[in-house]
Amino acid sequence: MVSDGDEQKVVPTRLALERAQDRNLDLVEISPNAKPPVCKIMDYGKYRFEQNKREKEAKKNQKIVQIKEVKLRPNIEEHDFETKAKNAERFLRDGDKVKTTIMFRGREITHPQLGRVLCDRMAQRLADVANVERPPKVEGKNMIVVFTPKNN
């Protein structure tokens with residue numbers, strides 16, 4: 001099947017190629033899996049240019065999700081915690097993931113429940129804008145929890 005402007009008909013390949021050559025255009029196969037295959041008489045260079053333009057436009061509209069990190073200590077003061085929580089909330093509202101890391105020093109690691117309480121407090125504080133993607137987990141001397149933005 002050959003589409004030539006408004007005209008669409010089933011013609012032999014040889015005849016379609018001759019028509020394209022007469023007009024100094026190309027015979028481009030649009031749907032190879034169709035029965036019969038669909039071809040179009042057009043300028044192939046212009047077709048590729050338009051296709052690339054559409055791909056670039058689609059790429060431009062994509063949002064790249066980044067992972068932002070907020071670091072805390074187990075014995076953090078209330079005001080410092082609020083500041084960190086506000087930053088995490090801002091990151092989440094911008095569409096980024098937030099990795100909250102509680103850093104233990106020295107023997108603090110023997111009290112992981114302090115870190116878990118802090119993670120729960122952060123999860124509660126961010127509950128309206130975030131979901132917990134990965135629950136609190138101890139990795140080395142750090143406890144890590146990952147939040148993803150809610151899709152509202």
Side-chain angles (χ1 to χ4, degrees), residues 1-6 8 10 13 16-17 20 25-152:
M1 178 175 212
V2 173
S3 175
D4 183 15
D6 296 333
Q8 292 185 353
V10 178
T13 308
L17 279 169
L25 294 172
D26 302 305
L27 183 65
V28 181
E29 191 174 39
I30 303 295
S31 299
N33 297 334
K35 295 287 180 197
V38 177
C39 297
K40 197 169 187 178
I41 295 174
M42 66 171 85
D43 182 3
Y44 185 69
K46 186 176 177 182
Y47 172 73
R48 286 292 303 148
F49 174 76
E50 292 292 329
Q51 204 172 27
N52 287 340
K53 196 171 163 183
R54 272 186 254 116
E55 286 174 7
K56 283 181 185 177
E57 191 65 34
K59 204 177 223 182
K60 194 188 305 182
N61 293 334
Q62 287 179 342
K63 171 78 170 98
I64 299 167
V65 177
Q66 293 182 331
I67 297 180
K68 303 286 188 168
E69 186 172 19
V70 176
K71 293 185 176 185
L72 309 168
R73 294 285 319 268
N75 53 354
I76 190 169
E77 294 294 323
E78 181 62 34
H79 180 266
D80 295 338
F81 175 82
E82 278 302 313
T83 303
K84 300 281 188 175
K86 282 180 186 172
N87 286 337
E89 187 174 349
R90 183 171 42 101
F91 296 147
L92 289 161
R93 288 192 192 281
D94 290 343
D96 297 321
K97 290 184 178 185
V98 174
K99 174 181 172 182
T100 304
T101 305
I102 290 94
M103 302 176 299
F104 296 99
R105 280 200 205 136
R107 293 185 186 159
E108 289 176 340
I109 195 68
T110 59
H111 302 287
Q113 69 276 8
L114 295 175
R116 196 164 304 280
V117 167
L118 204 55
C119 287
D120 292 341
R121 200 166 130 203
M122 182 66 84
Q124 210 170 27
R125 171 73 169 71
L126 299 174
D128 58 329
V129 293
N131 294 321
V132 177
E133 181 181 273
R134 206 171 90 191
K137 183 179 176 188
V138 176
E139 294 179 4
K141 289 198 169 204
N142 297 325
M143 182 177 281
I144 296 169
V145 61
V146 179
F147 298 97
T148 55
K150 278 186 179 175
N151 295 335
N152 291 340

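Please read these numbers as outputs of a predicted model, since none were measured by experiment.
- Judged by distance alone, the side chains of Gln51 and Arg54 never bring a donor and an acceptor atom under 3.5 Å apart.
- The shortest distance between side-chain heavy atoms of Val132 and Phe147 falls below 4.5 Å.
- At least one side-chain heavy atom of Met42 sits under 4.5 Å from a side-chain heavy atom of Ile30.
- Shown here for Ala88 and Val98, the closest heavy-atom pair between the two residues is O-CG2, 3.6 Å.
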- Item | Criterion side-chain contact (heavy atoms from CB on, under 4.5 Å) on Lys150 and Val129, from CA distance to verdict | CA-CA 6 Å; Lys150 278 186 179 175; Val129 293; 6.0 Å; no
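- Shortest non-hydrogen contact noted between Met143 and Phe104 is CB-CE1, 3.8 Å.
- From Asp26, atom CG reaches atom CD1 of Ile41 across 10.0 Å, with rounding to the nearest 0.5 Å.
- In this structure, the side chains of Ile102 and Met122 stay at 4.5 Å or more apart for every pair of heavy atoms.
- Heavy-atom minimum distance, Leu126 versus Ala85: CD2-O, 3.8 Å.
- With rounding to the nearest 0.5 angstrom, the CD1 atom of Ile109 is 12.0 Å from the CE atom of Met103.
- Between the CZ atom in Arg90 and the CG atom in Asp96 there is a gap of 10.0 Å [rounded to 0.5 Å].
- Taking every heavy atom of both residues into account, Leu92 and Pro149 meet most closely at O-CB, 3.4 Å.
- How far CD of Gln113 is from CG of Asp120: 12.0 Å, rounded to the nearest 0.5 Å.
- Put simply, CZ on Arg73 and NZ on Lys84 are 11.0 Å apart, with the number rounded to the nearest 0.5 Å.
- Under the side-chain contact (heavy atoms from CB on, under 4.5 Å) criterion, Val117 pairs with no residue at all, not counting sequence neighbours.
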Exercise answer: donor-acceptor pairs, residues 74-82 side-chain atoms, under 3.5 Å, sequence neighbours excluded:
| from | atom 1 | to | atom 2 | distance (Å) |
| --- | --- | --- | --- | --- |
| Glu78 | OE1 | Arg121 | NH2 | 2.7 |
| Glu82 | OE1 | Arg125 | NE | 3.1 |
| Glu82 | OE1 | Arg125 | NH2 | 3.2 |

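- Checked for salt-bridge contact, Lys86 and Glu89 miss the test: no charged N lies under 4.0 Å from a carboxylate O.
- Glu108 is not listed as a side-chain neighbour of Leu114, based on a closest heavy-atom distance of 4.5 Å or more.
- Heavy-atom minimum distance, Ala20 versus Leu27: CB-N, 4.0 Å.
- The stretch residues 140-149 participates, sequence neighbours left out, in no side-chain hydrogen bond (donor to acceptor under 3.5 Å, both in side chains) pair at all.
- The CD atom of Glu69 sits 14.5 Å away from the NZ atom of Lys97 when rounded to the nearest 0.5 Å.
- Ion pair Glu139/Arg134 flagged as a salt bridge, since at least one NZ, NE, NH1 or NH2 atom sits closer than 4.0 Å to an Asp/Glu carboxylate oxygen.
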